[in-house]
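Here, residue 1 is the first one in the sequence, and each next residue gets the next number. In each ligand, atom 1 is the first atom listed, and ligand 1 is the first ligand listed.
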Amino acid sequence: MLKGRELTSFQRQLLEWFRQFQRDLLWRRTKDPYRIWLSEIMLQQTRVAAAIPYYERFLERFPDIEALAAAPEQEVLRLWSGLGYYSRVRNLHKAAQKIVAQGNGNFPETFEDILKLPGIGNYTAAAISSMAFGAEHAVLDGNVARVLARLYAVRGDLRTPRRWQELQETADACLDAKSPGEWNQAMMELDATLCTPNAPQCLLCPVNEFCKGRKLGIAELLPEKRKKRATVEVTLASAVFADKNGWTLLLPPPEGTNEGSLADYVPVLVSNLWHFPTVSVNGDPAAKLRAHLRKLYPAAGNRQLRLTAAGVVRHAVTYRAITIKPFHIRVKNLPRIKGAERVPLHEVSVLPVSNLTRKVARAVFAAANADTMSRGE
Ligand code: SF4
């Protein structure tokens, strides 16, 4: 562990580098806890460049906590649509409502109080409390852990509870108590720009002289790989209705269902958002989808729907590799299915939908266009 003068030099060198070379990011120009919180939640699982337009649109529509708390969930989800991991925004919305109901819209100021909000763990509470309120809490996520593992040549699985606790203690010991918010951002900047997962740029690193992993020549090998969860293959079939005006049907987010609760249905894979009628299959996809549609749409009786295969879509959600077989179903009039919404097929995003649903819509479009061209229409 770095101590005394060595620690002071380490802190000074990292902070000086950060002050000189940091990227100009929108959320670094503010001390508003709401804006910092939003950026931290968006940046979980999302790259900076991808998050920026969402961040701007979200703040334009919800400039403060009150506006977010008062909005209907469907609208909040729609503005998040495409970013994925929708539990993040559901919790954000719930937390905003809690802050307005319990604190008159005043954001809690201590690490402990921030931690009580839905969807906020140690990392986010440390980031908000240090950056907005100057609290002395060091951030620790997988990226900061990678930097610490290299700096201190820590081997083995970093995610065991004991190792993680030790890394948190190391992060706390490194924290510059005079500028905790800036320090945390400097660590994040280092992990994002130089001490990256592959090929860390040690020659440019402002703290390379303190790095044990580099001295031992093992920096690139750290952190050591964890055992990966085996990939599970899932096959789904989706029904994309289209009437003569190009309108389609989307089903509402399934309520009160979770993974495994319905053998025939896969709400978790459509991120509990609006979606095309979808079913998991392990045989003839068209037959299984037909049977599923008959359950959803008993009024159709024995009328045979004409299902046209529209290629194959691939999608990955954590450890699942999903293959989706979309079917285009041209109908004169869209069927009446309880709770379903009618939307133009080329605008499925007017409702909050997942990337999987977008890909299915695109595949059907592409197949329909190819079909039209081959017929010379
Ligand atoms: Fe990371 Fe290299 Fe800097 Fe060590 S010297 S902290 S491995 S970038």
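Contact atoms of ligand 1 toward N208: 5 (S) (distance under 4.0 Å to a heavy atom of the residue). Listed by atom number, the atoms of ligand 1 under 4.0 Å from R150 heavy atoms are 7 (S). Atoms of ligand 1 found under 4.0 Å from any heavy atom of R214 (numbered from 1 in listed order, with element): 5 (S). Atoms of ligand 1 lying under 4.0 Å from any heavy atom of A219, numbered from 1 in the order shown and given with element: 7 (S).
The local environment of NZ in K178 is sparse, with at most 12 non-hydrogen atoms from other residues, nucleotides or ligands closer than 6.0 Å.
Between W37 and F133, the gap from one ring centroid to the other reaches at least 6.0 Å.
Under the 3.5 Å distance criterion, with hydrogens and angles disregarded, no donor-acceptor pair is assigned to the side chains of S39 and R28.
With respect to atom 4 (Fe) of ligand 1, the closest heavy atom belonging to the protein is C211 SG, 2.4 Å. Of the protein's heavy atoms, C195 SG, 2.4 Å lies nearest to atom 1 (Fe) of ligand 1.
C205 lies apart from atom 1 (Fe) of ligand 1 in this respect, since none of its N, O or S atoms is found at a distance under 2.8 Å.
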Any chance you could lay out the side chain to side chain donor-acceptor pair (under 3.5 Å) test for T196 and R146, step after step, and finish with the verdict? CA-CA 8 Å; T196 49; R146 176 178 68 251; over 6 Å; no
Apply the test side-chain contact (heavy atoms from CB on, under 4.5 Å) to residues R290 and L307: give CA-CA distance (whole Å), side-chain angles for both, the deciding distance (0.1 Å), then the verdict. CA-CA 8 Å; R290 260 203 190 91; L307 273 58; 4.0 Å; yes
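In summary, of the residues considered (Y123, Y34, F107), a side-chain contact (heavy atoms from CB on, under 4.5 Å) with I128 occurs for F107 alone.
Residue contacts with ligand 1, taken as heavy atom pairs separated by less than 4.0 Å, involve C202 via backbone and side-chain atoms alike.
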